[in-house]
Amino acid sequence: MAKHVNLAVDGFKISDLINADGITFEVGEQFDNEDEEEFAYSPHVQFSNEEMLNMLNMYDSDHEDNEDEKETVALCGMSFSKLKLKMTDLTSDQKVMKLVKQKGVGDVVPDNALATIHYIGYFEYRDEPFDSTYSSGKPRSLRLGKDCILPGLEIGIRSMQKHEIAVFLIHPDLAFKSLGCMPRIPPNEEVVFVVHLLHYIDDGHAATYQDLTPEERHIFSHIVKPVMHMLVTAKDYTEKLNYKQAIREYRKIIDRLETVKLNDESEEEEMNRLLSRAYTNLGICYNKENHPTKACFFLRQVPNPTAKSHYHFGKALLNIGEYNEAMKELQKGYTLEPQNEAIKKEIQITNVKQREYREIEKRLWKNCFKSKEEQNKITEFRKAARDLCENLIRSNDITRQSLSEGFTKEEHEIIREEAAILGLSVVTSVRYGKETVYLQKSKS
């Protein structure tokens, strides 16, 4: 007979393992918590179409203690009248019914919010959904209060909390009504939506800007709240890596702020605080989109520079080969936050890039030629020019490199030839009346 061992109490020996009768183990309760930890709920998990359906086909939690009374809520081929018995009425006339399958957290969705959801839409006794975001794998963002979704679905979403999953049964009057949308949507059909509320932004105040009169839009006190909520929206786009949309939002914020009239110093201080936030984050987004020149343009305009704005300004300047200016900005950021490891690292990178460039620049000047007697230096000059181009190509942090002043027309032609061979462009930029020539990587 196999020996019975409780691992938590008895332990075991090597002789037990080689026993001819074998050994059986009893696992104690200490492992239960580990299972719960591994399969704990996470708001970051997104279900597939199949996983969502499996979840909805779980046993009704009200009867977990009675095996004989367990029932399932199955969407495929379900009876809506049976489903309705398990639901709560949201409208007092049973035109929007709700069943919560996973509780959410926090406050319910406010009016005019921007809600991000996954959903499946079903008609009664149909085997397949008529609409589903799970099929594409991409959630949908909806602006509430704008008549852009079914009235019943909006009522349902407004009753939800973040990360909640709920089933909504909607009467035709608040769905597709008597017309439907043939052949896909039959007339006078009740519909079920299973909704997973991933996230929402209380963005209602941003919409109120549109309701202001032209005169009110120039009054600071009228636009502060809309701007604050627009900043929240822009931040959300940034966190979702949607930098293009974030850029549009930050530019709108700046446009609106810069057209207002200020009554006193306190309004000016608040205005500069909001502008600094918008300009800094706009510059960061342009850096993320690999537009360092635009990042420099906006970061240069930050009214109240911070370590963060100096750091990202320095990164943008480094990206376009402005090593001296980049170092100045990074040093300013380091002065404000001497413990900032990101700034320290960027200073080190800039130092390395700056030294590499200076070495190549020395070689260029050493081998540049001014007369026919020095024609033998052409080969060395060309080699140095090629090294300059190759160094730019190898660098992942830099998109363009400025050329020193003083080269002759013939020397510029050699640099242009080497740049063309290696796929670089030579561009000229005029700023503050000064003309600068750059080697630049082609934009893919």
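Here the structure is a predicted model, which means the values were calculated and not measured.
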### Query
What do you reckon, is NZ of Lys288 surrounded by more than 12 foreign heavy atoms closer than 6.0 Å?
no
### Query
Less than 4.5 Å apart, any side-chain heavy atom of Val192 and any of Phe168?
no
### Message
side-chain contact (heavy atoms from CB on, under 4.5 Å), that's the test. Do Phe220 and Glu270 meet it? Break it down for me.
### Response
CA-CA 10 Å; Phe220 184 72; Glu270 179 68 5; 3.6 Å; yes
#### Entry: Close side-chain approach of Leu274 and Ile253, heavy atoms under 4.5 Å
no
### Message
Restricting to non-hydrogen atoms, name the atom on Lys95 and the atom on Asp89 that form the minimum distance, rounded to 0.1 Å.
### Response
N-OD1, 4.3 Å
### Task
Given side-chain contact (heavy atoms from CB on, under 4.5 Å), test Leu299 with Tyr279 step by step and report yes or no.
CA-CA 6 Å; Leu299 288 165; Tyr279 273 122; over 6 Å; no
### Message
Donor-acceptor pair, distance only, cut-off 3.5 Å: does the side chain of Ser132 make one with the backbone of Tyr134?
### Response
yes
### Query
Any side-chain heavy-atom pair from Val194 and Tyr119 closer than 4.5 angstrom?
no
### Task
Using atom types as modelled and distance alone, determine if a side-chain donor or acceptor of Glu154 lies under 3.5 Å from a backbone N or O of Ile149.
no
### Query
Does any N or O in the side chain of Gln161 come within less than 3.5 Å of the main-chain N or O of Lys103, such that one atom is a donor and the other an acceptor?
no
### Query
Heavy-atom distance under 4.5 Å between the side chains of Leu153 and Val191, does that happen here?
no
### Task
Look only at the side chain of Thr238 and the backbone of Ala246, and say whether a donor-acceptor pair between them is shorter than 3.5 Å.
no
### Query
When rounded to the nearest 0.5 angstrom, what is the spacing between OH in Tyr122 and CZ in Phe130?
10.5 Å
### Message
For the backbone of Asn263 and the side chain of Glu267, can you confirm whether one donor and one acceptor N or O come within less than 3.5 Å of each other?
### Response
yes
### Message
Using a 3.5 Å distance criterion without hydrogens, assess whether the side chain of Glu124 forms a donor-acceptor pair with backbone atoms of Phe80.
### Response
yes
### Message
On a heavy-atom basis, which atom in Ile320 and which in Pro292 lie closest, and how many Å separate them?
### Response
CG2-CG, 3.6 Å
### Message
Between Asn351 and Met327, is there a side-chain heavy-atom distance shorter than 4.5 Å?
### Response
yes
### Query
Is there side-chain contact between Val108 and Arg158, with heavy atoms separated by less than 4.5 Å?
no
### Message
If I take atom CD from residue Glu346 and atom NE2 from residue His310, how far apart are they, to the nearest 0.5 angstrom?
### Response
15.0 Å
### Task
Taking the side chain as every heavy atom from C-beta outward, state whether Leu275 and Glu258 have any atom pair closer than 4.5 Å.
yes
### Query
For Lys98 and Ala166, which heavy atoms make the closest approach, and how far apart are they?
CE-CB, 3.8 Å
#### Entry: Closest approach of Pro110 to Tyr200 (non-hydrogen atoms, all atoms of both residues)
CD-CE1, 3.3 Å
### Query
Do His171 and Asp93 have a side chain donor and acceptor closer than 3.5 Å?
no
### Between CG on residue Leu439 and CG on residue Leu424, distance to nearest 0.5 Å
6.0 Å
### Message
Assess the residue pair Ile117 and Thr133 against the criterion (side-chain contact (heavy atoms from CB on, under 4.5 Å)); give the C-alpha distance rounded to whole Å, side-chain angles, the decisive distance to 0.1 Å, and a yes or no.
### Response
CA-CA 8 Å; Ile117 64 171; Thr133 58; 5.9 Å; no
### Task
Report the distance from atom NE2 of His291 to atom CZ of Phe297, rounding to the nearest 0.5 Å.
15.0 Å
### Task
Return yes if some donor-acceptor pair links the side-chain N/O of Lys441 with the main-chain N/O of Leu392 below 3.5 Å, else return no.
yes
### Query
Regarding Lys353 and Ser395, is there a side-chain donor-to-acceptor distance under 3.5 Å anywhere?
yes
#### Entry: Side-chain donor/acceptor of Asn340 to backbone N/O of Lys344, under 3.5 Å
no
### Query
Got a donor-acceptor contact below 3.5 angstrom from the Glu249 side chain to the Gln245 backbone?
no
### Query
Counting N and O atoms only, with roles assigned by atom type, does the side chain of Asn287 sit under 3.5 Å from a partner on the main chain of His312, one being a donor and the other an acceptor?
yes
### Query
Checking salt bridge (Lys or Arg N to Asp or Glu O under 4.0 Å) for the pair Glu190/Lys84: CA distance, chi angles, key distance, verdict?
CA-CA 12 Å; Glu190 282 188 310; Lys84 192 177 292 186; 3.6 Å; yes
### Task
Measure the CZ-CD1 distance between Phe298 and Ile247 for me, rounded to the nearest 0.5 Å.
9.0 Å
### Message
A quick test of your reading: do over 12 heavy atoms of other residues, nucleotides or ligands sit less than 6.0 Å from CD of Glu265?
### Response
no
### Task
Give the intermediate values and the outcome of side-chain contact (heavy atoms from CB on, under 4.5 Å) for residues Arg256 and Arg217.
CA-CA 8 Å; Arg256 291 174 183 181; Arg217 292 183 185 186; over 6 Å; no
## Note on the structure
Interatomic distance, CG@Leu179 vs CG@Asn188, rounded to 0.5 Å, equals 8.5 Å
### Task
Measure across Ala307 and Leu336 and return the closest heavy-atom pair with its distance rounded to 0.1 Å.
N-CD1, 3.5 Å
## Note on the structure
What one should report as the nearest heavy-atom pair of Thr116 and Ser141 is OG1-OG, 3.1 Å
### Query
Within a strict 4.5 Å, meaning less than it, do heavy atoms of the Val302 and Phe313 side chains meet?
no
